[in-house]
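As structure tokens, the structure follows; a few thoughts come after it.
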Amino acid sequence: MTSEPAHMNPACSFQGLILTLQRYWAEQGCVILQPYDMEVGAGTFHPATTLRALGPKSWRAAYVQPSRRPKDGRYGENPNRLQHYYQFQVILKPNPPNLQELYLGSLKAIGIDTALHDIRFVEDDWESPTLGAWGLGWECWCDGMEVSQFTYFQQVAGFECSPVAGELTYGLERLAMYLQGVESIYDLNFNGLDGVEKVTYGDVFLQAEQEYSRHNFEHADTEMLFRHFRDAEAACRKYLEAGEPKADANDQRHLMALPAYDQCIKASHMFNLLDARGVISVTERQSYILRVRELAKACGAAWLKTEGGGVAA
Amino acid sequence: MDATAMPDLLLELFSEEIPARMQRRAAEDLKKLVTDALVERGFLYEGAKAFATPRRLALHVAGLPVKGQDVREERKGPRVGSPEAAIQGFLKGAGLSSIEQAKIESDSKKGEFYVAIIEKPGRSTPDVLAEILPAIVKTFPWPKSMRWGAASREPGSLRWVRPLHSIVCTFGPETEDPEVVRFDVDGIGSSDVTKGHRFLAPDEIRVKRFDDYAPALERAKVVIDTDRRKDMILHDAKDLAFAQGLELVEDEGLLEEVAGLVEWPVVLMGSFDEAFLDIPPEVIRTTIRANQKCFVLRDPNTGKLANKFLLTSNLIASDGGKTIVGGNERVVRARLSDANFFWKTDQQVKLEDRLEKLKAIVFHEKLGTQYERVERIAALSKELAPIVGADPELAERAARLAKADLVTEMVGEFPELQGLMGRYYATMQGEHASVAAAIEEHYKPLGPSDRVPTDPVSVAVALADKIDTLVGFWWIGETPTGSKDPFALRRSALGIIRLLLEKNIRLSLHQAIVSHLLRAVGADAKRQKKFEDAFILFRESKTSFEPVNAVISGFTRQLIFKSAGRIINDNDQLSDLSSDVQTRLLNSLDDINFYFKLVADPEFHKRGYEGDDSIQQELLATAEKGRALIVEHGSEIATDLLSFFADRLKVYLRDQGARHDLIDAVFALEGQDDLLMIVRRVEALGRFLDTEDGRNLLAGYRRAANILRIEEKKDGRAYDEAPDLQIVNDQGQIEEKALAVVLDGAKREAAAAVEAEDFEGAMRALSRLRQPVDAFFDKVTVNAEDSALRANRLRLLNSIREATRTVADFSRIEG
């Protein structure tokens, strides 16, 4: 077990869990990034994962990503469900041969002793229809609880991953609840302090959960959201076209893959909000997902024509 | 060589965790691929066994030869004294260095000639293995495979179910140290080193052969045999249960899965709050099984679930499992809290108040929503109720509520609880017991061995549910082909067959299909926003567009075109109507749907047009034309669907040991659509043909049919008129007079018996034909010189054929 003080200790504070994971993965050569400054449904959407997973360049990164799933809001009344939560995301490309051992090392770092806890890798293939991505892997169980998702990316944005990246996603709140032994997310000790100085997860986020649940289910302006979806879709296409290299130019790199991809992220979030508002019918749903996927594919294709995607300057 | 001294092969492929559901099959595939490849190259073996754990596939092939068979070949060469060039060519081809190495033989034709003896020693088994195994690894038939690591930069890199880490491959006899069969698959070299349990014995282990491999792994806390792991789990689970005075609720599927998740099973018992036992036991079991892969326990005295569960961990924990149990209990508690929440909240909304939500669930794009499906099934259940002896109101009520649980929280979470939850909720809201039972049982029977419901209300709804499915998919042309049956339509048909036969239900399927088709059509175009789609739909469903076009007449047609975006400006007929009516018409007619609704619903033409008699009349006329069209088209569909039933019935009866040709013989008759009667007739026919009368009549029938076939072909005409009794009386022989008399009577009697559904009686009537038919063929020459007499005799033969057709088409009977 770690001998960190409580405000840094993963067993006593939510922030300690994050800090410990960051430190651990920094030691494995990851760049420790900050969250992407846009609304996303999962850490995978961060360009540091989606786009960096494409192309031949090696890449190692880890970061916390606040993730928004408007439909999962429960007005702060369910002890296990949130519409805004944290994922800790690790991407290693190509995956090192000992990725499973590295992962187990991270569990050890946060205080999960494999002599006491039953850790299992249970088949769970991952697929993101909106990102045109899939991979094989597991959900990682600790004493019967799913604590992480472990995936070897095979395809992203419709392109084969070459080389394959390994992706780890930790559900931070759930993991922290287990480490701290609390039954409700809102009871998590956030800063590890006691008495009047103690700040809980509820202190930080309960009000937000209540307000955003109202917003997501009752008040989000659907007309505006539909408009924003269309706008983001159009903007994405526009930027992709504007950044496309001219046929006769010497430099055949794409010039605006990242701004275009931001619009794809935005369209995806607009869709999630509309879905939560219940204004998208079952049949329409599929077509919206396809529209976002088309954007993601086009952005992936553009990225592969950039330096980050492996094209020489 | 003594078999026990013959060498063994040990192969182990060590990887990251293999999905439990794939392990058994993978082990079998490995065994088959390796042994087949060996046998193909002439290497026979004594025995082979394959094993799988989450992290490894292992194979033991016992009693292989050290090397392949030597091959000795004699090659004839040129004659002695042939030119030097021929001799040199021969030496080169045979691999000899001088002609002294060749033998000289002679025969009478060729004289003296050279013969080379070529001896090819058999290849050593390890060499052959080193050649076979990499190819097997590279092309292994995993259901899903992946690339990984730095190697995946290159195209064509190795694929495996999860990253493959190492390979053990040794070959050798028991008495000496085996050798490592050296090969390399995409950078992974074979060796004699493996690893034990991930946590309990992570160090490397050097192995020699299978005999020490299995015990070495066992010491390293790995049980390689899945069945042994299953036995250990089952044994420990039963022991733990017994110690608590409880009984394990056995679950073979779960046991197999759990055994695939551990290399060293350790069964532990956890418990949960007794208050959760208020939740239905099926829910508790499903929750704990699906999410936690744990077994549940029951009290052997009461049969009720206990507040305990058994988990199978992969660890001998340093605290005896306390932490593991604690963690699992936490998760089970959270899951049961969820289930309890669903159970409680679901009860707050009555089933009938959920129906509205079914409108949002698409059953099939072309067959509308679950709501529309429920409407159809309710109407059909009510219609079928009197036939199966059920109360029509109860049947309709049950059908209306049958799918309501699909939108409950519980079924949303656990789809496999559909029906059962509906039954619970129906009971709790005070529905009639038959209604509640039917909600659960209307899905039954789910297969050849599933129980057929008994309550008539259940039977009515179960039939209606399945008929709706079949009629719907037949209407849109989604019928099973070959092995493809994505909507399990064969199962639905079998369900109907079993319900009708086991419950002795008389039902004219043709009529039921056609009348239900009118309901299905209404939903069909629901999702079709455009006229073009409707057009395609009609074309696909084998109807030409012309009659549809003709039916869509007058302003109906105009409005439909308008809805398709093809705005026809000429709104003369519309402009005669008040603007209010125009708006209502246009609103209700936002797509082709209107037309189909109009056709499907006898009352639809009135809706929204009260007081507008002229519109109502016009709509009614259109609807009737449309209905006539669909009935006409429906007949084709019904015929096609009936032949599907005939096929399924044949499969069903064949499984019960009935003769398929007799089923064909009955189905070949016109208008056979009552499965119960068909089966009764087949049975009676079978019994009749087992009697001497039956066999002889069949022989007589065949003789008559043969003669007729030949003579009719020769004359280029049919003799299917009734025989002229005048000619029989005036010119006929006594035998033919007798036959004519008996034929007339037997045919009428048989027909009457069939009419009265007395198939035994019909067969008895026919059996009277036997003697006069035999006598006729004995004494009478059919091909008489007098052409009128001959023609009349042929007609008489035709009458025999006709008479037998009252019970079956004898031409379809074999043997």
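Naming: A, B, ... by sequence-line order, numbering from 1 per chain.
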**Prompt:** How long is the gap from CD on A:Glu123 to CG on B:Leu261, to the nearest 0.5 Å?
**Reply:** 9.5 Å
**Message:** How about CD on A:Glu183, more than 12 heavy atoms from neighbouring residues, nucleotides or ligands closer than 6.0 Å, or not?
**Reply:** yes
**Message:** Report which part of B:Arg330 has an atom under 4.5 Å of a heavy atom belonging to chain A: side chain, backbone, both, or neither.
**Reply:** side chain
**Message:** Heavy-atom cut-off 4.5 Å, strictly under: side chain, backbone, both or neither for B:Val161 against chain A?
**Reply:** backbone
**Prompt:** Quick one: CZ on B:Arg55 to CD on A:Gln100, what's the gap to the nearest 0.5 Å?
**Reply:** 7.5 Å
**pair A:Ser58-B:Arg153: side-chain heavy atoms closer than 4.5 Å** = yes
**Asked** What's the spacing between A:Leu136 CG and B:Arg159 CZ if we round to 0.5 Å?
**Response** 8.5 Å
**Request:** Check whether A:Ile119 gets within reach of chain B through its side chain, its backbone, both or neither, counting any heavy atom under 4.5 Å.
**Result:** both
**Side-chain (B:Glu17) to main-chain (A:Arg120) donor-acceptor, under 3.5 angstrom** = no
**Prompt:** In this structure, are over 12 heavy atoms from other groups packed under 6.0 Å from B:Lys357 atom NZ?
**Reply:** no
**Asked** Side chain, backbone, both or neither: which part of A:Pro56 has a non-hydrogen atom closer than 4.5 Å to chain B?
**Response** both
**Prompt:** Given B:Arg198 and A:Glu101, is the side chain to side chain contact (heavy atoms under 4.5 Å, CB included) satisfied, shown in steps?
**Reply:** CA-CA 10 Å; B:Arg198 185 188 278 287; A:Glu101 279 67 40; 3.3 Å; yes
**Asked** Can you say whether B:Ser145 sits under 4.5 Å from chain A via the side chain, the backbone, both, or neither, judging by heavy atoms?
**Response** backbone
**Fill in**
Highest number of heavy-atom pairs under 4.5 Å with chain A among B:Pro19, B:Ala20, B:Ala151, B:Ala317 belongs to B:Pro19
**Request:** Could you give me the CA-CA distance, side-chain angles and deciding distance for A:His117 and B:Ser313, then say whether side chain to side chain contact (heavy atoms under 4.5 Å, CB included) is met?
**Result:** CA-CA 9 Å; A:His117 294 277; B:Ser313 77; over 6 Å; no
**Prompt:** Which of the residues B:Asn314, B:Val266, B:Leu200, B:Asp319 is involved in the greatest number of heavy-atom pairs with chain A at under 4.5 angstrom?
**Reply:** B:Asn314
**Asked** Is there a donor-acceptor pair closer than 3.5 Å between any side-chain N or O of B:Ser152 and the backbone N or O of A:Ser162?
**Response** no
**Message:** Using a 4.5 angstrom heavy-atom cutoff, name the option from B:Gly320, B:Ala150, B:Pro202 with the most pairs to chain A.
**Reply:** B:Ala150
**Message:** With chain B as the partner, which of A:Gly278, A:Cys161, A:Pro96, A:Cys142 has the greatest number of non-hydrogen pairs under 4.5 Å?
**Reply:** A:Cys161
**Prompt:** Nearest 0.5 Å, what's the CZ-CG distance between B:Phe199 and A:Asp118?
**Reply:** 8.0 Å
**Request:** With rounding to the nearest 0.5 Å, note down the distance linking OG1 in B:Thr323 to CG in A:Leu116.
**Result:** 4.5 Å
**Fill in**
Here the pair of heavy atoms bringing A:Ala115 nearest to B:Leu315 is O-CD2, 3.7 Å
**Message:** Are there residues of residues 147-160 of chain A whose heavy atoms fall under 4.5 Å of chain B's heavy atoms? If so, which?
**Reply:** A:Tyr152, A:Gln154, A:Glu160
**Message:** Given 3.5 Å as the limit, does a donor-acceptor pair link the side chain of A:Asn95 with the main chain of B:Gly149, or not?
**Reply:** yes
**Message:** Can you tell me how far apart CG (A:Asp143) and CD (B:Glu329) are? Round to the nearest 0.5 Å.
**Reply:** 11.0 Å
**Contact class of B:Lys322 relative to chain A, heavy atoms under 4.5 angstrom** = neither
**Option in B:Pro163, B:Pro54, B:Gly321 with maximal non-hydrogen atom pairs under 4.5 Å from chain A** = B:Pro163
**Prompt:** So which of A:Leu99, A:Leu104, A:Asn80, A:Asn78 has the largest heavy-atom pair count under 4.5 angstrom toward chain B?
**Reply:** A:Leu104
**Request:** Determine, step by step, whether B:Lys293 and A:Trp141 satisfy the side chain to side chain contact (heavy atoms under 4.5 Å, CB included) criterion, reporting the C-alpha distance in whole Å, the side-chain angles of both residues, the deciding distance to 0.1 Å, and the verdict.
**Result:** CA-CA 12 Å; B:Lys293 308 195 193 302; A:Trp141 284 23; 3.9 Å; yes
**Item:** Toward chain B, the part of A:Asp125 with a non-hydrogen atom under 4.5 Å
**Value:** side chain
**Prompt:** Mind checking whether B:Arg162 and A:Trp138 have side chains closer than 4.5 Å, heavy atoms only?
**Reply:** yes
**Complete:** Given A:Gly181, A:Pro79, A:Pro94, A:Gly166, the one with more heavy-atom pairs under 4.5 angstrom with chain B than any other is A:Pro94
**Message:** Shorter than 4.5 Å, heavy atoms on both sides: which option in A:Gly144, A:Gly137, A:Pro163 has the most such pairs with chain B?
**Reply:** A:Pro163
